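A quick write-up on the structure given underneath.
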Amino acid sequence: MEKAKTGIMGFDRLVSGGFPTGSTNLIGGAPGTGKTIFALEYIYNGAAKFGEKGLYITIEESIDRLKKQAAQFGWDFDSLEKKGTAKIIHISTESIKENVAENIVSIIKKGGYVRVVVDSISALAINTPNSFGSLTDINEFFIKRFMYIFIRRLAKSGATSLLVSQTTDSSLSSDGVSEFICDGVINIKYESLGGNYSRYLAIRKMREVNHDEDIHPIEIKAGIAVHKLS
Ligand SMILES: Nc1ncnc2c1ncn2[C@@H]1O[C@H](COP(=O)(O)OP(=O)(O)O)[C@@H](O)[C@H]1O
Ligand SMILES: [Mg+2]
């Protein structure tokens, strides 16, 4: 099976070498757990180390802020953009329509991107378009259906994707449905117990992969570092 290595310290060994090529993966966790940094590193390493062209779609943060966050770890996205190996694009919440997935897939195909990040799909879910007019209120069912269709369509692009979801409790995604559709599910928990570590990562699911099932402390230093359970 072909793998998209993340190059994230200590991570690839948990998933037999990387994300299966073409798979759709969810990374969920509370705010500040390192999801965006993880996703930036996935795209950066793909372009800088593994020759895989990457697209980072941000809905939550501005392109400028993301580039500044990345620069803190020495990841120069401006230089990757100049070389044409990675790109960060922003989708405004106002522009989210029913066809958002088709638009993204067409950008992926035109640009020849093989890695894609959407940060975050929670921002997509919150802005589920109301295509039924004012007669219907957007309810949980519409949001779930919108997310279901979005992920299924994105999966057809063939790119290896990483979708970020903001969670507030013990759930794996904010919409309650993406964890069922995605091939892989990673969860990060924030739990400061006064020890050396306060963030913990676990692979909850990865189709067709004999993955690790432990909870691992993670550290944000030169990017993300996943440690062995001790
Ligand atoms: N340069 C850095 N060194 C160490 N930790 C950092 C650095 N920059 C940010 N952080 C930590 O990472 C957190 C933000 O990570 P981020 O990936 O944006 O979180 P999420 O996307 O899960 O909300 C910050 O709250 C801070 O704790
Ligand atoms: Mg974030």
Side-chain angles (χ1 to χ4, degrees), residues 6-12 14 19 24-48 54-78 80 86-93 96 104 115-127 147 150-151 154 161-176 178-179 182 184-204 215-227:
T6 66
I8 290 169
M9 196 190 290
F11 180 81
D12 292 332
L14 306 183
F19 297 130
T24 309
N25 303 280
L26 177 75
I27 182 161
T33 46
K35 303 180 297 297
T36 294
I37 296 170
F38 189 106
L40 282 168
E41 191 168 3
Y42 168 63
I43 294 295
Y44 182 83
N45 286 345
L55 176 68
Y56 197 107
I57 300 167
T58 173
I59 302 169
E60 240 150 67
E61 293 186 61
S62 73
I63 295 173
D64 229 45
R65 296 240 353 232
L66 281 179
K67 284 183 175 170
K68 282 192 182 128
Q69 171 75 81
Q72 293 227 314
F73 303 110
W75 307 329
D76 185 352
F77 273 83
D78 281 330
L80 295 182
K87 194 170 174 64
I88 304 180
I89 64 167
H90 181 259
I91 293 183
S92 69
T93 50
I96 296 167
I104 291 174
R115 296 187 177 204
V116 181
V117 160
V118 181
D119 187 0
S120 69
I121 58 166
S122 311
L124 266 187
I126 291 165
N127 294 285
M147 294 316 296
F150 175 83
I151 295 169
L154 186 67
S161 63
L162 183 61
L163 312 176
V164 177
S165 190
Q166 307 284 3
T167 60
T168 46
D169 45 27
S170 59
S171 55
L172 298 173
S173 76
S174 64
D175 52 65
S178 17
E179 60 267 46
C182 286
V185 176
I186 304 161
N187 188 249
I188 310 182
K189 276 206 170 10
Y190 194 93
E191 228 160 56
S192 191
L193 304 169
N196 289 333
Y197 305 112
S198 44
R199 296 175 177 82
Y200 298 86
L201 176 147
I203 316 292
R204 297 296 297 267
I215 294 169
H216 297 267
I218 63 170
E219 227 177 334
I220 302 172
K221 266 168 101 182
I224 302 281
V226 182
H227 297 298

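Just so we're clear, the structure is a prediction, and the values are computed from it rather than from any experiment. We count ligands from 1, going down the list as the structure has it; atoms in each ligand are counted the same way. Below, each value reflects all heavy atoms present in this structure, side chains not excepted, and no hydrogens, waters or symmetry copies.
- Checked options I57, L26, I126, L154; the residue passing with I121 is L26 (criterion: side chain to side chain contact (heavy atoms under 4.5 Å, CB included)).
- In terms of protein heavy atoms, atom 25 (O) of ligand 1 is closest to G32 CA, 4.1 Å.
- Note: an N/O pair closer than 3.5 Å links Q69 and ligand 1 by distance alone.
- Under a 4.0 Å heavy-atom criterion, R65 is not in contact with ligand 1.
- Using a 4.0 Å cut-off between a side-chain N of Lys or Arg and a carboxylate O of Asp or Glu, D119 and K35 do not qualify as a salt bridge.
- In terms of protein heavy atoms, atom 4 (C) of ligand 1 is closest to I220 O, 3.4 Å.
- Heavy-atom distances between F73 and ligand 1 reach below 4.0 Å in at least one pair.
- Among T33, T36, T167, the residue whose heavy atom lies closest to atom 21 (O) of ligand 1 is T36.
- Assignment of A30 to the shell around ligand 1 is supported, since a heavy atom sits closer than 4.0 Å.
- Two rings, from F73 and Y44, have their centers 6.0 Å or more apart.
- Of the possible polar contacts, one joining the S122 side chain to the Q166 backbone as a donor-acceptor pair under 3.5 Å is found.
- Considering backbone and side-chain atoms together, E61 places no N or O closer than 3.5 Å to any N or O of ligand 1.
- Ligand 1 has no N or O atom lying under 3.5 Å from any N or O atom of Q166, backbone or side chain.
- For ligand 1 and P31, the ligand atoms under 4.0 Å from any heavy atom of the residue are 23 (O).
- Nearest-heavy-atom check against atom 2 (C) of ligand 1 across Q72, R199, K35 picks out Q72.
- In this structure, N25 contributes its side chain and L162 its backbone to no donor-acceptor pair below 3.5 Å.
- Metal site remark for the Mg ion (ligand 2): T36 contributes an N, O or S atom at a distance under 2.8 Å.
- For the pair I37 and ligand 1, the shortest N or O to N or O distance falls below 3.5 Å.
- When ring centroids are compared, F19 and F11 come within the 6.0 Å threshold.
- In this model, a donor atom of one side chain and an acceptor atom of the other lie less than 3.5 Å apart for S171 and D169.
- Geometrically, ligand 1 and G34 share a nitrogen or oxygen pair separated by less than 3.5 Å.
- Checked against side chain to side chain donor-acceptor pair (under 3.5 Å), Q69 has no partners two or more places apart in sequence or in another chain.
- Taking 4.5 Å as the limit, every side-chain heavy atom of M9 sits out of range of all side-chain heavy atoms of K221.
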